[in-house]
Amino acid sequence: AMTTISDLPEDVLVELLSLLPVRDLLRTCRLVCAQWRYVVDLTTLWKRKCQRDGFYRQGLDRSVSDWKIFYMLCHSKRNLIKNPRAEENFQHWTLDDNGGDKWKIEDLPGAHGSNTPDPRVHKYFVTSYGACFKSQLITLQNEGYWNQLMDEIRPEITVTDWYAARFDCGCRYELTVRLLSKDYIVLAEFHPEPVVIQQWSDAKWREMSHTFRNYPAGVRYIWFQHGGQDTQYWAGWYGVRVTNSSITIGPHT
């Protein structure tokens, strides 16, 4: 008798289907028949995909409640901040405050500066003697994070930002990140005390980071704003330097 793919043992079917992209699995394979739907929904299939793509590690079994969601979060994890390293001028950024001699972009390490620990970073944004703040608003639905996911799973949201002073001038750095509802109501906020760096500092790049966990249901947007100014009121661009900002959603892999 002719055997069809459906006659294959379940573990072989799991192995075969786990090779396919998520989109094909959910939009095509799952609709083929009841047996395929059953296999596509199996924990073992998604765990196998996690192993294949390097998202699986020992000790995860206790903490992962849904391997399909876990895989999808890991698979789509990326920086949601656009143009984080000043490669595209000020594209994607809203200049909320543009004081003094205004925001500017410079090449690393810059005058009286240092390089960042990340070799992929070549430029930074720099502030002036008046308040300089810029922001981005991320619409989660547009980035593939659907409402039910944000409300029921509430994946971790990790924010990082890098800032530095120049050696010869003091400066001030500020960061505000807000998780907003569909009506732009603040559901959670990270707003640490402003960092004041004195003149003649080591001019090293430092990281500011925060992970939002167990935030309220209803998050639809993330608003990210950073900036500052110099503390000596010097004409030009002696204020805080910022670059390599990121917002990622999903488990730490």
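Bear in mind the structure is a predicted one, so any value in this text is a computation, not a measurement.
- Of the possible polar contacts, one joining the Ser76 side chain to the Met72 backbone as a donor-acceptor pair under 3.5 Å is found.
- For Tyr71 and Phe55, the distance between ring centers is under 6.0 angstrom.
- Within the 4.5 Å cutoff, no side-chain heavy atoms of Tyr38 are placed close to those of Val40.
- Other residues, nucleotides and ligands contribute at most 12 non-hydrogen atoms within 6.0 Å of the CG atom of Asn214.
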Problem set entry | Test log, rule side-chain contact (heavy atoms from CB on, under 4.5 Å), inputs Arg78 and Glu143 | CA-CA 10 Å; Arg78 64 199 189 282; Glu143 303 295 341; 2.8 Å; yes
Problem set entry | side-chain contact (heavy atoms from CB on, under 4.5 Å) between Trp103 and Trp237, intermediate numbers included | CA-CA 8 Å; Trp103 277 102; Trp237 297 274; over 6 Å; no
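- Remark: Asp151 engages Arg220 in a salt bridge, criterion side-chain N to carboxylate O under 4.0 Å.
- Residues Val32 and Leu17 fall within the same hydrophobic cluster, defined by Ile, Leu, Val, Met, Phe, Trp and Tyr side chains chained together at heavy-atom separations under 4.5 Å.
- The CZ atom of Phe212 sits 11.0 Å away from the CD1 atom of Ile249 when rounded to the nearest 0.5 Å.
- Side-chain contact between Ser245 and Phe224 is present, with heavy atoms from C-beta onward closer than 4.5 Å.
- Under a hydrophobic clustering in which Ile, Leu, Val, Met, Phe, Trp and Tyr are joined whenever their side-chain heavy atoms come within less than 4.5 Å, directly or via other members, Leu45 and Ile69 fall into the same cluster.
- The shortest side-chain heavy-atom distance between Leu73 and Pro251 falls under the 4.5 Å cut-off.
- One hydrophobic cluster holds both Leu179 and Trp146 under the rule that ILVMFWY side chains link at heavy-atom gaps under 4.5 Å.
- Distance alone, capped at 3.5 Å, places no donor-acceptor pair between the Asp168 side chain and the His112 backbone.
- In summary, the aromatic rings of Tyr129 and Tyr238 are positioned with their centroids too far apart to meet the 6.0 Å limit.
- In terms of heavy-atom proximity, Ser201 sits nearest to Arg166 at OG-O, 4.4 Å.
- The same ILVMFWY cluster, assembled from side-chain heavy atoms under 4.5 Å apart, contains both Tyr145 and Ile157.
- For the residue pair Cys171 and Ala165, the shortest heavy atom distance occurs at SG-CB, 3.5 Å.
- A donor-acceptor distance shorter than 3.5 angstrom exists from the side chain of Thr231 to the backbone of Gly170, with no hydrogens or angles considered.
- Closest approach of Val219 to Met150, counting heavy atoms only: O-CB, 3.7 Å.
- Using a 4.0 Å cut-off between charged side-chain N and carboxylate O, Lys134 and Asp96 make no salt bridge.
- Distance CD/Glu174 to NE2/His191: 5.5 Å, rounded to 0.5 Å.
- Here the NZ atom belonging to Lys182 is positioned 12.5 Å from the CD atom belonging to Gln141, to the nearest 0.5 angstrom.
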Check: residues 18-28 side-chain donor-acceptor pairs under 3.5 Å, at least two apart:
unit_1 : atom_1 : unit_2 : atom_2 : d
Ser18  : OG     : Val14  : O      : 3.3
Ser18  : OG     : Glu15  : O      : 2.9
Ser18  : OG     : Arg52  : NE     : 3.2
Ser18  : OG     : Arg52  : NH2    : 3.0

Exercise. Step by step, would you call Gln51 with Trp46 a side-chain contact (heavy atoms from CB on, under 4.5 Å)?
Worked result: CA-CA 9 Å; Gln51 287 168 331; Trp46 294 96; over 6 Å; no
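- Tyr163 is not listed as a side-chain neighbour of Arg241, based on a closest heavy-atom distance of 4.5 Å or more.
- Residues Leu108 and Thr116 form a side-chain contact, since some pair of their non-hydrogen atoms from C-beta on lies under 4.5 Å apart.
- Ring to ring, Trp162 and Tyr173 are not that close: their centroids are 6.0 angstrom or more apart.
- Arg37 contributes atom CZ, which lies 13.5 Å from atom SG of Cys29 (distance to the nearest 0.5 angstrom).
- Under a 4.0 Å N-O distance rule, the pair Lys68/Asp66 does not qualify as a salt bridge.
- Taking every heavy atom of both residues into account, Ser128 and Cys132 meet most closely at N-SG, 3.5 Å.
- Of the possible donor and acceptor atoms, one in the side chain of Asp202 sits under 3.5 Å from a partner among the backbone N and O of Lys204.
- Note: Trp200 and Phe167 meet the aromatic proximity criterion, with ring centroids under 6.0 Å apart.
- Between Thr127 and Val242 the shortest side-chain heavy-atom distance does not fall below 4.5 Å.
- Asp101 places a side-chain N or O within 3.5 Å of a backbone atom of Gly236 that can act as its donor or acceptor partner.
- By the rule that hydrophobic residues join a cluster once side-chain heavy atoms approach within less than 4.5 Å of another member, Trp234 and Ile197 end up as members of separate clusters.
- Although no hydrogens or angles enter the test, the distance criterion places a donor-acceptor pair under 3.5 Å between the side chain of Ser114 and the main chain of Ala203.
- We find the SG-CG distance between Cys169 and Asp230 to be 4.0 Å, quoted to the nearest 0.5 Å.
- Taking 4.0 Å as the cut-off between side-chain N and carboxylate O, Lys104 and Glu106 count as a salt-bridged pair.
- For Trp36, the ring-ring contact (aromatic ring centres under 6.0 Å, His included) test picks out no residue, with sequence neighbours left out.
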Exercise. Does the pair Leu137 and Leu180 meet the rule for a side-chain contact (heavy atoms from CB on, under 4.5 Å), with working shown?
Worked result: CA-CA 10 Å; Leu137 182 71; Leu180 306 173; 4.0 Å; yes
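- The distance from atom CD of Glu189 to atom CH2 of Trp223, rounded to the nearest 0.5 Å, is 8.5 Å.
- Taking 4.5 Å as the limit, some side-chain heavy atom of Asp53 sits within range of a side-chain heavy atom of His75.
- Judged purely by distance below 3.5 Å, without hydrogens or angles, the side chains of Thr211 and Thr158 pair a donor atom with an acceptor atom.
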Identify each donor-acceptor pair in which a side-chain atom of residues 84-95 lies under 3.5 Å from a protein atom, sequence neighbours left out, and give them as a table.
unit_1 : atom_1 : unit_2 : atom_2 : d
Arg85  : NE     : Asn244 : OD1    : 2.9
Trp93  : NE1    : Asn83  : O      : 2.9

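- Trp67 has its side chain out of reach of Thr44: every pair of non-hydrogen atoms, C-beta onward, lies at least 4.5 Å apart.
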